[in-house]
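To start, the structure itself, in structure tokens.
Scope of the values below: all heavy atoms of this structure, side chains included, with no hydrogens, waters or symmetry mates. One-based numbering along the sequence shown.
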Amino acid sequence: MEPRIETLAEKKLVGKRLRMSFAHDRTFELWRSFMPERNSIKHGVSTDLFSLQVYEAAHDFTFLNPAAEFENWAAKEVSDFADVPAGMEAFTLSGGLYAVFLHKGAAATGPETFRYIFGSWLPHSGYELDNRPHFEILGPKYKNNDPASEEDIWIPIRKKV
């Protein structure tokens with residue numbers, strides 16, 4: 001599974017966020033809250049949804065500490081921050097270099113893809129993690145727990161020095 005390397009331009013997102021850890025995963029709660037209200041977001045750029053994670057700079061991506069907290073967002077890209085709905089927040093996703101992996105399969109198989117990214121691909125890639133948000137784009141082929149589901153996983157990188 002080879003990624004494509006892309007330079008992402010800054011994006012404006014509007015959505016909801018929750019603090020969580022892998023041990024205390026609140027992803028379902030976040031999306032259950034966001035989905036009924038997603039159409040109230042004005043100035044949407046597309047129908048794609050963003051599942052975005054903001055990790056601390058020292059986050060351990062070997063996943064040895066499942067209690068390490070991070071911020072998880074359910075969001076939609078917008079052209080501007082006018083009229084942010086009550087109960088939602090604006091977030092500016094800074095641009096930069098990303099490795100983009102296509103994950104095919106049910107959401108439940110995602111951990112296998114992430115183990116490959118952080119355990120195999122990244123250590124041998126000539127890149128290292130950059131301290132910017134990680135995210136997945138849930139586009140028209142995303143079907144959650146369907147084995148035919150597809151989503152793009154965006155990992156922030158920079159060239160190793």
> What class does the angle between the rings of Y55 and H59 fall in, given that below 30° is parallel, 30 to 60° is tilted and above 60° is perpendicular?
Replying inline: tilted
>> Could you tell me if the side chain of I153 sits less than 4.5 Å from the side chain of T113, heavy atoms only?
In response: yes
>> Within this structure, what is the CD1-OG distance for the pair I137 and S51, rounded to the nearest 0.5 Å?
In response: 11.0 Å
>> Restricting to non-hydrogen atoms, name the atom on P111 and the atom on A108 that form the minimum distance, rounded to 0.1 Å.
In response: CD-O, 3.4 Å
> Just by distance, with hydrogens left out, do S149 and H103 show a side-chain donor and acceptor under 3.5 Å apart?
Replying inline: no
> Going hydrophobic residue to hydrophobic residue with side-chain gaps under 4.5 angstrom, can you get from L129 over to F22?
Replying inline: yes
> Rounded to the nearest 0.5 Å, what separation is found between the CG atom of D152 and the OH atom of Y142?
Replying inline: 13.0 Å
> Should F118 and L102 be counted in the same cluster of Ile, Leu, Val, Met, Phe, Trp and Tyr side chains packed under 4.5 Å apart?
Replying inline: no
>> Could you walk me through whether I5 and L97 satisfy the side chain to side chain contact (heavy atoms under 4.5 Å, CB included) test, starting with their C-alpha distance in whole Å, then the side-chain angles of each, then the deciding distance to 0.1 Å, before giving a yes or no?
In response: CA-CA 7 Å; I5 306 301; L97 198 61; 3.6 Å; yes
>> As a test of understanding, state which of E89, E29, E37 forms a side chain to side chain donor-acceptor pair (under 3.5 Å) with K16.
In response: E37
>> Set out, in order, the CA-CA distance, both residues' side-chain angles and the distance that settles side chain to side chain contact (heavy atoms under 4.5 Å, CB included) for M20 and E71, then state yes or no.
In response: CA-CA 6 Å; M20 63 183 73; E71 192 174 89; over 6 Å; no
>> Tell me if a side-chain donor or acceptor on D25 pairs with a main-chain N or O of T27 at a distance below 3.5 Å.
In response: yes
> How many angstroms lie between atom OG of S33 and atom CZ of R38, to the nearest 0.5 angstrom?
Replying inline: 12.5 Å
> What's the spacing between S79 OG and K42 NZ if we round to 0.5 Å?
Replying inline: 12.5 Å
> Does L122 reach the side chain of E128, with side-chain heavy atoms less than 4.5 Å apart?
Replying inline: no
> Within a strict 4.5 Å, meaning less than it, do heavy atoms of the L8 and L93 side chains meet?
Replying inline: yes
> Rounded to the nearest 0.5 Å, how far does NE2 of H24 lie from CZ of R19?
Replying inline: 12.5 Å
>> Less than 4.5 Å apart, side chain to side chain, heavy atoms only: is that true for E56 and F70?
In response: no
> Any idea which heavy atoms bring L30 and A74 closest together, and the distance?
Replying inline: CD2-N, 3.6 Å
>> Is the shortest side-chain heavy-atom distance between Y127 and I155 below 4.5 Å?
In response: no
>> Set out, in order, the CA-CA distance, both residues' side-chain angles and the distance that settles side chain to side chain contact (heavy atoms under 4.5 Å, CB included) for I41 and V78, then state yes or no.
In response: CA-CA 8 Å; I41 299 171; V78 296; 3.5 Å; yes
> Are side-chain heavy atoms of W121 and F101 found at a separation under 4.5 Å?
Replying inline: yes
>> Measuring only between side-chain heavy atoms, which start at C-beta, is F34 closer than 4.5 Å to M88?
In response: yes
> Where the side chain of R132 meets the backbone of I157, is there a donor-acceptor pair that is under 3.5 Å apart?
Replying inline: yes
> Distance from L13 atom CG to L49 atom CG, nearest 0.5 Å?
Replying inline: 10.5 Å
> Same cluster for M35 and L138 if Ile/Leu/Val/Met/Phe/Trp/Tyr side chains link at under 4.5 Å?
Replying inline: yes
> Is atom NZ of K104 surrounded by more than 12 heavy atoms (other residues, nucleotides or ligands) closer than 6.0 Å?
Replying inline: no
> Given side chains that start at C-beta, do those of V14 and E77 come closer than 4.5 Å, heavy atoms only?
Replying inline: no
>> Quick check on ring pair (Phe, Tyr, Trp, His ring centres under 6.0 Å): which of F135, W73, F50, F81 does F91 satisfy it with?
In response: W73
> Is F114 reachable from V100 through a run of hydrophobic residues whose side-chain heavy atoms are each under 4.5 Å from the next?
Replying inline: no
